[in-house]
Protein chains: 2
Amino acid sequence: MMRITMEDVARHVGVSRALVSLAYRNRPGVSTETRERILHAGRELGYVPNRVAARLAGHGGNTLGVFLQDLHNDLFADLYEGTRAVADEAHKHLVLGVGALDGGRDAEALETLAQSRVDVVVAFGLQLPDTEVRTIAERVPMVCVLRGVADVDSVVSDNRHGARAATEHLIDLGHRRIAFLANPPSDGYMDRRHGYMETIAAAGLRPQVVQTTYSRETAAKDAGALLDGADAPTAIFAHNDQAAMGVLDALALRGLTPGRDVSVIGYDNSSLSKAPGTSLTTVDVDGVALGRSAAELALRRIEAPGAPSEWRTSFPTLVVRSTTGAPAA
Amino acid sequence: MMRITMEDVARHVGVSRALVSLAYRNRPGVSTETRERILHAGRELGYVPNRVAARLAGHGGNTLGVFLQDLHNDLFADLYEGTRAVADEAHKHLVLGVGALDGGRDAEALETLAQSRVDVVVAFGLQLPDTEVRTIAERVPMVCVLRGVADVDSVVSDNRHGARAATEHLIDLGHRRIAFLANPPSDGYMDRRHGYMETIAAAGLRPQVVQTTYSRETAAKDAGALLDGADAPTAIFAHNDQAAMGVLDALALRGLTPGRDVSVIGYDNSSLSKAPGTSLTTVDVDGVALGRSAAELALRRIEAPGAPSEWRTSFPTLVVRSTTGAPAA
DNA sequence: TTGTACGCGTTATCAA
DNA sequence: TTGATAACGCGTACAA
């Protein structure tokens, strides 16, 4: 089952290899009639263009790398959707790399994308420390999404703003003991915590931060401890929807009703939050729009490699559903 | 910012390029000391191996293509996880392609993988007709997952079995009017419908099949029509969890309680079904195991390109949660 | 409009 | 253990 090459097609049609190349990329320089003959012959012979060879020979500029932190969180599906739409319009190829929930595969995935010689990497949800990100960004241009890194192109949603809105909503409902279930502290992911802290402080309330992980199970455990402890909160703001699910798990386990006994807010407006029985109050970051924005920055970066880094900030919106209400009594 | 190549590293160390190549792939033929010197110099110069060139020059055999139908459905995240685990152990690279919910990008994504010269494609959830799949599989070896195709390596979960279990569960609960909210008919995705049909027939009941799409919104609309119609069912079995979400949406809209007023069963045991407020009764296919199995078949296919095609079938299990119960009256 | 020739960065073969 | 040298399949000036 020998592989057909351009050479074979050229010979079969009786033209040069260069012409076949031009024909397949429909570039000027080939008569319409010749092109037809070439494409027809290619089809007939079962020729499949070799993208690997093309990329080696080409001068680059048409491949975006995409890093996805976690396939289990469908916020990344939205981000990808946005990026893909823009990339399609610009006729750019996408090469994917997938991380892990705990960030343990970030470096490896980025390395793979670099070795694959993508022209720029669009990274959704990196957990690598800022300094490492900057180091990598010096070798392969990067666009960080959901996470701002100084001196690196970034597309972020204002997390502090979102956290403030969420916390204020709880305060407005009358809650006084509001806990924040925080993600592990790491560069670029502290703003939700800050937004919570400053809002709580401004209201003259006592902050209560419990640090958890990115796993729903751990979040459930940590929320459980919180609920069972003395002076349990009447409202819990979780760092994201997955963690909020854990909180809901903990509530269910204790026969407590979200929104009535304890209010819960998540973050991301993932599809999980939209389940009818869940109906989680959360913060919407509009992943598709962020993904589009990121792709646009990436394209710009390809055009102007030396341009100064650019940050794009958007503002999330609070989505009030049924897991928030006035405190129980 | 000239790219450093193997040549540069070789010159810098004072050895041949071939030796650098061997050193980087830690293959025999390089003294430990020389290897150290090479790797050290590489690091110092900022050398990044060019995977594109490597794949062009190499004889293949170490790259798996992975097709993911839809990033919004986290069943595919499980499948990917399983495949990645096996690929990692075998030191194989993964190249990803992403489809679309309606199957409209299947051909394109597979074409891209073929052009990327992957050695075999592991396809999760293809919607292409059987004949087209077979045609493509002749050019690039394929392993179809969640979907059996004759003469093509396939890893499937017995959908008929799962659908029977789900339907029987509803019958055992006492339901007599059980509807099936079906996916669009297409090759390889008819077994859930068949399993439902034969179980209903065996029980002497009247089948009621309503065809919907893969979108949650459409499912909600179609389920709504069903609920509003004459002789509304007391139980609805949806072709997957996403569709079941739509059913739950429709119930919520009408103030009906799942499991009490109307029973609902989904399929996939996706994370959506596990939300505490949802707690959807569903059928678990164990995506991670399927993903592992698929990767194993893929590896086998690389080793023995000419071997006869193999099918692997596993059996799903019913997961009873709270959306199913005895009929209302 | 067409063809020639060189380069892309590796891997692999074979001889030293 | 090392070092030339030929593929690998294609892009692209440049010449015709």
Side-chain angles (χ1 to χ4, degrees), chain A residues 1-39 41-42 45-63 91 93 112 114-119 139-140, chain B residues 1-38 41-42 45-63 91 93 114-119 139-140:
Chain A
M1 197 228 232
M2 255 318 278
R3 275 260 169 244
I4 311 293
T5 74
M6 240 180 201
E7 183 78 49
D8 299 321
V9 178
R11 242 202 320 270
H12 191 265
V13 182
V15 298
S16 77
R17 202 167 48 70
L19 213 55
V20 179
S21 175
L22 294 179
Y24 264 90
R25 291 175 293 147
N26 44 12
R27 308 266 291 228
V30 196
S31 68
T32 319
E33 190 230 326
T34 313
R35 184 209 308 293
E36 286 311 320
R37 274 170 50 219
I38 291 176
L39 295 182
L45 294 176
Y47 168 62
V48 178
N50 187 328
R51 192 174 286 204
V52 178
R55 288 193 51 206
L56 180 57
H59 287 331
N62 49 24
T63 309
H91 300 290
H93 294 316
T112 297
Q115 292 188 2
S116 298
R117 292 294 188 273
V118 298
D119 298 293
R139 298 189 329 196
V140 40
Chain B
M1 199 227 232
M2 257 316 279
R3 275 259 169 246
I4 310 294
T5 74
M6 238 180 202
E7 183 77 47
D8 299 321
V9 178
R11 241 202 320 271
H12 191 267
V13 182
V15 298
S16 76
R17 218 182 40 222
L19 213 55
V20 178
S21 174
L22 294 179
Y24 263 90
R25 291 177 291 153
N26 45 9
R27 308 264 291 225
V30 197
S31 67
T32 319
E33 191 229 325
T34 314
R35 183 208 310 293
E36 286 311 321
R37 273 172 47 219
I38 291 175
L45 294 177
Y47 169 62
V48 178
N50 187 328
R51 192 175 284 201
V52 178
R55 288 194 51 209
L56 179 58
H59 284 339
N62 48 25
T63 309
H91 300 290
H93 295 317
Q115 293 187 2
S116 298
R117 291 297 189 270
V118 299
D119 298 292
R139 299 190 328 198
V140 41

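The basis for the numbers below is simple: all heavy atoms, side chains too, and nothing from hydrogens, waters or symmetry mates. Residue numbering restarts at 1 for every chain, and letters A, B, ... go by the order of the sequence lines.
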Check: Between B:Leu19 and B:Gly29, what is the shortest heavy-atom contact and its length?
Finding: CD1-O, 3.8 Å

Strictly under 3.5 Å: I want the nitrogen or oxygen pairs between protein and nucleotides 14-16 of chain D, one per line.
none

Next item on the list: Would you kindly give the CG-to-P distance between A:Asn26 and D:dG11, to the nearest whole Å?
Entry: 12 Å

Note to self: Restricting to side chain to side chain donor-acceptor pair (under 3.5 Å), what partner residues turn up for B:Arg17, sequence neighbours left out?
What the structure shows: B:Glu7

Check: Which nucleotide sits closest to the side chain of B:Thr34: D:dT2, C:dT10, D:dT12?
Finding: D:dT2

Check: Which residues within residues 16-23 of chain A lie with some heavy atom under 4.0 Å of an atom in DNA chain D?
Finding: A:Arg17, A:Ala18, A:Ser21

Note to self: Taking only side-chain N and O atoms of A:Tyr47, does any of them lie within less than 4.0 angstrom of OP1 or OP2 on D:dC10?
What the structure shows: yes

Checklist line | Five-pair end axes of the helix from C:dT1-D:dA16 to C:dA16-D:dT1, angle between them (10°) | finding: 30°

Checklist line | For B:Thr34, all residues meeting side chain to side chain donor-acceptor pair (under 3.5 Å), sequence neighbours excluded | finding: B:Ser31

Check: Can you check the B:Tyr24 OH to C:dT11 P distance for me, whole Å?
Finding: 11 Å

Item checked: Euclidean distance, atom NE2 of residue B:His59 to atom P of C:dT10 [Å, nearest integer] -> 17 Å

Margin query: So, using side chain to side chain donor-acceptor pair (under 3.5 Å) as the criterion, who are the partners of A:Ser21 when residues are at least two apart?
Written below: A:Arg25

Item checked: A:Arg11 CZ to C:dT4 P, straight-line distance once rounded to whole Å -> 13 Å

Note to self: Just to verify, what does B:Glu36 make a side chain to side chain donor-acceptor pair (under 3.5 Å) with, not counting sequence neighbours?
What the structure shows: none

Check: Would you say B:Arg3 reaches C:dG9's phosphate, i.e. side-chain N/O to OP1/OP2 under 4.0 Å?
Finding: no

Note to self: Give me the atom names and distance for the closest heavy-atom approach of A:Val118 to A:Val140.
What the structure shows: O-CG2, 4.1 Å

Please output the side-chain donor-acceptor pairs of residues 46-56 of chain B that fall under 3.5 Å, not counting sequence neighbours, one pair per line with the distance.
unit_1	atom_1	unit_2	atom_2	d
B:Asn50	OD1	B:Val52	N	2.8
B:Asn50	OD1	B:Ala53	N	3.0
B:Arg51	NH1	B:His93	ND1	3.3
B:Arg51	NH2	A:Gln115	OE1	3.3
B:Arg55	NH1	B:Ser116	O	3.4
B:Arg55	NH2	B:Ser116	O	2.4
B:Arg55	NH2	B:Arg117	O	2.9

Margin query: Under the rule for side chain to side chain contact (heavy atoms under 4.5 Å, CB included), what residues qualify as partners of B:Arg37, not counting sequence neighbours?
Written below: B:Val13, B:Glu33

Item checked: DNA chain C-proximal residues of residues 49-58 of chain B, any heavy atom under 4.0 Å -> B:Pro49, B:Asn50, B:Ala53, B:Ala54, B:Ala57, B:Gly58

Next item on the list: For B:Asp119, check salt bridge (Lys or Arg N to Asp or Glu O under 4.0 Å) against everything at least two apart and list the hits.
Entry: none

Check: What's the CD1-P distance between B:Ile4 and C:dT10, to the nearest Å?
Finding: 11 Å

Notebook entry, point to check: How close or far is atom C1' of C:dG7 from atom CZ of A:Arg117, stated in whole angstroms?
Noted result: 16 Å

Next item on the list: Kindly give the heavy-atom pair with the smallest separation between A:Val9 and A:Ala41, and that separation in Å.
Entry: CG1-CB, 4.5 Å

Check: Taking only N and O in the side chain of A:Ser31, is any of them less than 4.0 Å away from OP1 or OP2 of C:dT2?
Finding: yes

Next item on the list: Can you see which heavy atom on A:Val30 is nearest to which on A:Arg35, and at what distance?
Entry: CG1-N, 3.8 Å

Next item on the list: For B:Glu7 and C:dG7, give me the distance from atom CD to atom P, rounded to whole Å.
Entry: 13 Å

Notebook entry, point to check: Over how many whole Å does the gap from A:Arg37 atom CZ to C:dT2 atom C1' extend?
Noted result: 12 Å

Notebook entry, point to check: So, for B:Pro28 and B:Leu22, which heavy atoms are closest and what is the spacing to 0.1 Å?
Noted result: O-CD1, 4.2 Å

